[in-house]
Amino acid sequence: MNKADYKGVWVFAEQRDGELQKVSLELLGKGKEMAEKLSVELTAVLLGHNTEKLSKELLAHGADKVLAADNELLAHFSTDGYAKVICDLVNERKPEILFIGATFIGRDLGPRIAARLSTGLTADCTSLDIDAENRDLLATRPAFGGNLIATIVCSDHRPQMATVRPGVFEKLPVNDANVSDDKIEKVALNLTSADIRTKVVEVVKAAKTIADIGEAKVLVAGGRGVGSKENFARLEELAEVLGGTVAASRAAIEKEWVDKDLQVGQTGKTVRPTLYIACGISGAIQHLAGMQDSDYIIAINKDAEAPIMKVADLAIVGDLNKVVPELIAQIKASNN
Ligand code: FAD
């Protein structure tokens, strides 16, 4: 393998039912910065069936080019089908970097592709940069249970691969001037049904009505200090008067006080709301990893020395059982 043969930054543009996953657009935002540092093109790789309009959306979000693989066999995700198409494209065109969103699909696809291409993959990166001297990707992520932040380099193999969870990076503003049919290349595929060992018989969607905390502008998060499932109802009331939604630390999830989809942190979701109210959360590094980029943080904790108080813009030292009802009452009064 000659490293110099590999050029360009690619982002796997994940779509489901004809809708792009927001993490793919966020990766285009970061990918653009990486491509500029390397003076190369940023390419979105789109797989699916009848997904023409998505190519334009990808260009509007910063891609210089779209490689569109359209085929009936790609209508639903399959590890075999998607991995084959992407590996064939990588082998033919040799990008130096491939980013994938750390969604259920991305976590399945990324390692498969990396193993087939005999290259490295750094999962769940929290920051990405380029070493200007040797063009290596600097992929940073928590290591050893989150107690250490490690920067991982894949210096001997290409492409360099990384997955990133939703909410870590920001999308670029939409730029319709970047949309042009010339930038969309429909790629020829060497794919037959024999390449795909699984068959999608039926797609059954879980009827969950849990809010997406990654999209919320206001989050009222509770931790072990909330004390019980019943007490969480008070946080829900606070969230409601603020037009927000509840979230939780892992300790609260483990107590089964709320659904695990509401977990913020290293093994939960990364959020960046306008307002994050942390109630009875100590602020362990694994929790901070998921929320410290929030615009404004209020922490309510009876321990003035709790680590969360150091990242808070407003630290309220007190018993949340007293502070939260008082907040609700005052907000309701000011709304009237
Ligand atoms: P605690 O640390 O027990 O803190 C409770 C806080 O409540 C204390 O600060 C206390 O002073 C305060 N308190 C108690 N009573 C009151 C009251 N009446 N009023 C006001 N304050 C009160 N954690 C996550 O959150 N998200 C993750 O994604 C995550 N991933 C992890 C991954 C790994 C590999 C590991 C090892 C751990 C992970 N954890 C994660 C767990 C993390 O290390 C902490 O254990 C967890 O965040 C603690 O949750 P907590 O702050 O709710 O509880």
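Start at 1 and go down the list; that is how both ligands and their atoms are numbered.
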Return yes if some donor-acceptor pair links the side-chain N/O of N231 with the main-chain N/O of V226 below 3.5 Å, else return no.
yes
T126 side-chain N/O to T140 backbone N/O, donor-acceptor pair under 3.5 Å:
yes
Tell me which protein heavy atom sits closest to [atom], plus the residue, atom name and distance to 0.1 Å.
{"atom": "atom 2 (O) of ligand 1", "result": "S282 OG, 2.6 Å"}
{"atom": "atom 21 (N) of ligand 1", "result": "K302 N, 3.1 Å"}
{"atom": "atom 53 (O) of ligand 1", "result": "R224 CB, 3.5 Å"}
{"atom": "atom 13 (N) of ligand 1", "result": "G225 CA, 3.7 Å"}
{"atom": "atom 18 (N) of ligand 1", "result": "D319 OD1, 3.0 Å"}
{"atom": "atom 34 (C) of ligand 1", "result": "G145 CA, 3.8 Å"}
{"atom": "atom 39 (N) of ligand 1", "result": "Q286 CB, 3.7 Å"}
{"atom": "atom 32 (C) of ligand 1", "result": "R250 NH1, 3.4 Å"}

Distance-minimising heavy-atom pair for V324 and R234:
CG1-O, 4.0 Å
Shortest non-hydrogen separation from K310 to E305 and the atoms involved
NZ-O, 3.4 Å
Could you list which atoms of ligand 1 come closer than 4.0 Å to a heavy atom of [X]?
{"X": "G223", "value": "52 (O)"}
{"X": "G268", "value": "28 (O)"}
{"X": "G318", "value": "19 (N), 20 (C)"}
{"X": "D303", "value": "11 (O)"}
{"X": "Q266", "value": "27 (C), 28 (O)"}
{"X": "G265", "value": "26 (N), 27 (C), 28 (O)"}
{"X": "Q263", "value": "26 (N), 27 (C), 28 (O), 29 (C)"}
{"X": "T267", "value": "27 (C), 28 (O), 29 (C), 30 (N), 31 (C), 32 (C)"}

Taking 4.0 Å as the limit for heavy-atom contacts, which would you say applies to A284 with ligand 1: side chain only, backbone only, both, or neither?
side chain
Ligand 1 and [X], any nitrogen or oxygen pair closer than 3.5 angstrom?
{"X": "L320", "result": "yes"}
{"X": "V264", "result": "yes"}
{"X": "G280", "result": "yes"}

Using a strict 4.0 Å threshold on nitrogen-to-oxygen distance, state whether D124 and R107 make a salt bridge.
yes
Do the side chains of K94 and D5 get close enough for a salt bridge, i.e. N-O under 4.0 angstrom?
no
Please say yes or no: joined through hydrophobic side-chain contacts below 4.5 Å, possibly via intermediate residues, are I298 and V264 part of one cluster?
yes
Are V45 and L109 grouped together when hydrophobic residues (ILVMFWY) are joined by side-chain heavy atoms under 4.5 angstrom apart?
yes
Of N301, V317, I281, which has the heavy atom at the shortest distance from atom 11 (O) of ligand 1?
N301
Quick one, [X] and [Y] - any side-chain contact, counting heavy atoms below 4.5 Å?
{"X": "H287", "Y": "S249", "value": "yes"}
{"X": "E202", "Y": "V204", "value": "yes"}
{"X": "I184", "Y": "S55", "value": "yes"}

What do you think, any protein heavy atom under 4.0 angstrom from atom 9 (O) of ligand 1?
yes
When you look at D136 and S155, which way does the side chain to side chain donor-acceptor pair (under 3.5 Å) test go after all the steps?
CA-CA 6 Å; D136 280 350; S155 49; 4.6 Å; no
Does G227 have a non-hydrogen atom less than 4.0 Å from ligand 1?
no
Test applied, side chain to side chain contact (heavy atoms under 4.5 Å, CB included); reference residue, F99; option that passes from Q160, M34, M161:
M34
Relative to each other, are the rings of Y82 and F77 parallel, tilted or perpendicular (30° and 60° limits)?
perpendicular
